[in-house]
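To start, the structure under review is shown below, and the notes come after it.
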Amino acid sequence: MPELPEVEVVRRGLERWVTGRVIAEVQVLHPRAIRRHLAGPTDFADQLTGHRFAAACRRGKYLWLPLDTVGADATAPTEHPVQTATGLAHGAPGDGATGHGAPGSVDGGVDGVTRGEATGRSVLGHLGMSGQLLVQPETAADEKHLRIRVRFADAAGTELRFVDQRTFGGLSLHDQLPGAPDGLPDVIGHIARDPLDPVFDETAFYTALRRCRTTIKRALLDQSLISGVGNIYADEALWRARLHFDRPTASLTRPRAMELLGHVRDVMRAALAVGGTSFDSLYVNVNGESGYFECSLDAYGREDEPCRRCGALMRRSPWMNRSSYFCPRCQRPPRVVSPRTARSGPAV
DNA sequence: CAGAGATCCTGCAAGC
DNA sequence: TGCTTGCAGGATCTCT
């Protein structure tokens with residue numbers, strides 16, 4: 001399922017294949033896919049039609065595309081690049097790859113097209129568990145779970161499709177947060193920056209950990225503290241850090257927290273490096289269930305298999321209506337069970 | 001108010 | 001073979 005690395009691969013695909021294109025038509029084929037757009041499917045389609053996607057940005061697992069008006073002299077068909085996208089994945093993760101306010105990214109424009117003016121609104125997308133944003137030939141057969149189709153005014157011959165089996169994801173249109181240089185939608189203003197973001201605030205993160213009376217895995221999945229981490233990479237990072245998922249956050253020393261943060265980054269970078277390789281054709285290939293990173297997993301899904309570090313059999317624990325995978329030897333359960341009591345005790 | 005749990009949804013796998 | 005049940009999970013809502 002899509003976590004930060006997968007979403008970043010999608011963002012790069014959108015940047016390449018969708019940015020600068022003018023929307024000719026929007027079809028909403030399943031209302032649940034735009035449930036966060038409260039004004040409904042017709043309004044969503046009407047608001048987008050005739051506008052241009054200005055950029056492709058990401059924060060955590062959210063993607064968004066700011067909308068521009070179309071310049072008066074931009075009626076000629078866009079000569080859109082149609083060539084292999086191989087090499088897109090080679091950018092250094094966290095080095096501008098996250099698309100946060102990169103200077104010129106919004107104003108760079110597409111060759112030969114005069115840019116319109118910003119509308120102050122952005123199309124927000126979330127892939128949920130099974131969502132895919134695909135750039136497909138217009139002639140390609142509809143996917144079984146096609147939810148939204150966006151047709152373009154140019155002659156590139158491709159269209160943007162939102163495909164989502166379990167319908168946890170969706171698209172919506174929102175006003176931009178005032179003062180946000182990258183067109184951040186107001187509804188995700190509370191989402192923290194991700195650990196690959198150059199301006200991720202480590203001190204604020206650690207301060208929040210010390211202040212919270214919760215456990216470390218809950219904190220890792222709390223998108224308002226740190227974004228982009230899902231169940232899989234949380235388990236992977238905790239395994240690498242030899243931390244039990246039920247460890248109270250308040251019991252972590254700063255060096256220990258920074259070590260964990262480093263493992264989160266390492267796991268994400270490794271997944272991002274692998275995820276990019278599947279992205280080399282005409283369409284944005286985001287198969288959330290393709291398992292390209294699966295062979296690299298040390299914890300997630302490895303119940304009853306030997307720990308790659310100590311050989312003990314990995315365990316699976318029910319946790320918040322899902323599962324936590326851990327090594328019972330490397331990742332000892334906390335001695336202090338309650339976060340409340342841990343708060344008054346010394347940091348370990 | 002912070003934190004914990006329920007909830008949405010669909011397809012697949014396991015069990016009877 | 002065919003049905004039922006459980007599981008997967010991110011974000012949001014509700015409850016304590």
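To find a chain, count down the sequence lines: A is the first, B the second, and so on, and within it residues start at 1.
- With sequence neighbours excluded, the residues that form a side chain to side chain contact (heavy atoms under 4.5 Å, CB included) with A/R316 are A/E303, A/S323, A/Y325.
- The two atoms that bring A/R308 and A/L297 nearest to each other are NH2-O, 2.6 Å, heavy atoms only.
- Projected onto DNA chain B by closest heavy-atom contact, A/R218 and A/T167 fall at different nucleotides, the more 5' of which corresponds to A/R218.
- For the pair A/L220 CG and C/dA11 P, the computed distance is 13 Å after rounding to whole Å.
- Nearest-nucleotide positions on DNA chain B for A/N321 and A/K144 put A/N321 closer to the 5' end.
- Evaluated for a salt bridge (charged side-chain N to carboxylate O under 4.0 Å, His left out) with A/D194, the options A/R58, A/R265, A/R11 yield exactly one hit, A/R58.
- At distances below 3.5 Å, not a single donor-acceptor pair connects side-chain atoms of A/R36 with backbone N or O atoms of A/S172.
- Side-chain nitrogen and oxygen atoms of A/R35 include none within less than 4.0 Å of the OP1 or OP2 phosphate oxygen of B/dC8.
- Side-chain atoms of A/Q47 and A/R121, non-hydrogen and from C-beta on, do get closer than 4.5 Å to each other.
- A donor-acceptor pair shorter than 3.5 Å cannot be found between the side chains of A/K61 and A/S227.
- The shortest side-chain heavy-atom distance between A/F205 and A/D201 does not fall under the 4.5 Å cut-off.
- OP1 or OP2 of B/dG11 has not a single side-chain nitrogen or oxygen of A/S130 nearer than 4.0 Å.
- Residues A/R247 and A/L252 have side chains in contact (heavy-atom distance under 4.5 Å, counting atoms from C-beta outward).
- Of the charged side-chain nitrogens involved, at least one lies within less than 4.0 Å of a carboxylate oxygen, so that A/K217 and A/D235 count as a salt-bridged pair.
- Candidate nucleotides B/dA6, C/dA8, B/dC9 were compared by shortest atom distance to the side chain of A/Y325, and C/dA8 ranks first.
- When rounded to the nearest whole Å, the span between NE2 of A/H174 and C1' of C/dA11 equals 13 Å.
- One finds a side-chain N or O of A/R322 lying less than 4.0 angstrom from the OP1 or OP2 phosphate oxygen of C/dG10.
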All N/O contacts under 3.5 Å from nucleotides 13-16 of chain C to the protein, with atom names and distances to one decimal?
none

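- Atoms CD (A/Q132) and C1' (B/dT10) sit 14 Å apart, rounded to a whole Å.
- Per the geometry, CG belonging to A/L297 stands 15 Å off C1' belonging to C/dA8, to the nearest Å.
- Close to C/dG10, at under 4.0 Å from its OP1 or OP2, lies no side-chain N or O of A/Q223.
- Proximity of A/H145 to the phosphate of B/dG11: a side-chain N or O atom is located under 4.0 Å from OP1 or OP2.
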For this session: Output, in order, the C-alpha distance, side-chain angles, deciding distance and verdict of salt bridge (charged side-chain N to carboxylate O under 4.0 Å, His left out) for A/R21 and A/D154.
Result: CA-CA 7 Å; A/R21 301 180 74 180; A/D154 54 63; 2.8 Å; yes
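- When the side-chain nitrogen and oxygen atoms of A/H126 are compared with OP1 and OP2 of C/dA11, one or more of them lie within a distance under 4.0 Å.
- Here the side chain of A/R213 is nearest to one of C/dA11, B/dG3, B/dC8, namely B/dG3.
- With rounding to whole Å, A/D164 atom CG is found 14 Å from C/dA8 atom C1'.
- Taking atom CG of residue A/D222 and atom P of nucleotide B/dC1, one finds them 17 Å apart after rounding to whole Å.
- Taking the C1' atoms of five terminal pairs at each end of the helix from B/dA2-C/dT16 to B/dC16-C/dG2, the two resulting helix axes are inclined by 50°, rounded to 10°.
- One atom, CG of A/L225, and another, P of C/dA11, lie 13 Å apart when rounded to the nearest Å.
- Within the structure, a side-chain polar atom (N or O) of A/R316 is placed less than 4.0 Å from OP1 or OP2 of C/dA8.
- Residue A/T214 places at least one side-chain N or O under 4.0 Å from the OP1 or OP2 atom of B/dA4.
- Between the NZ atom of A/K217 and the P atom of B/dG3 there is a distance of 18 Å, given to the nearest Å.
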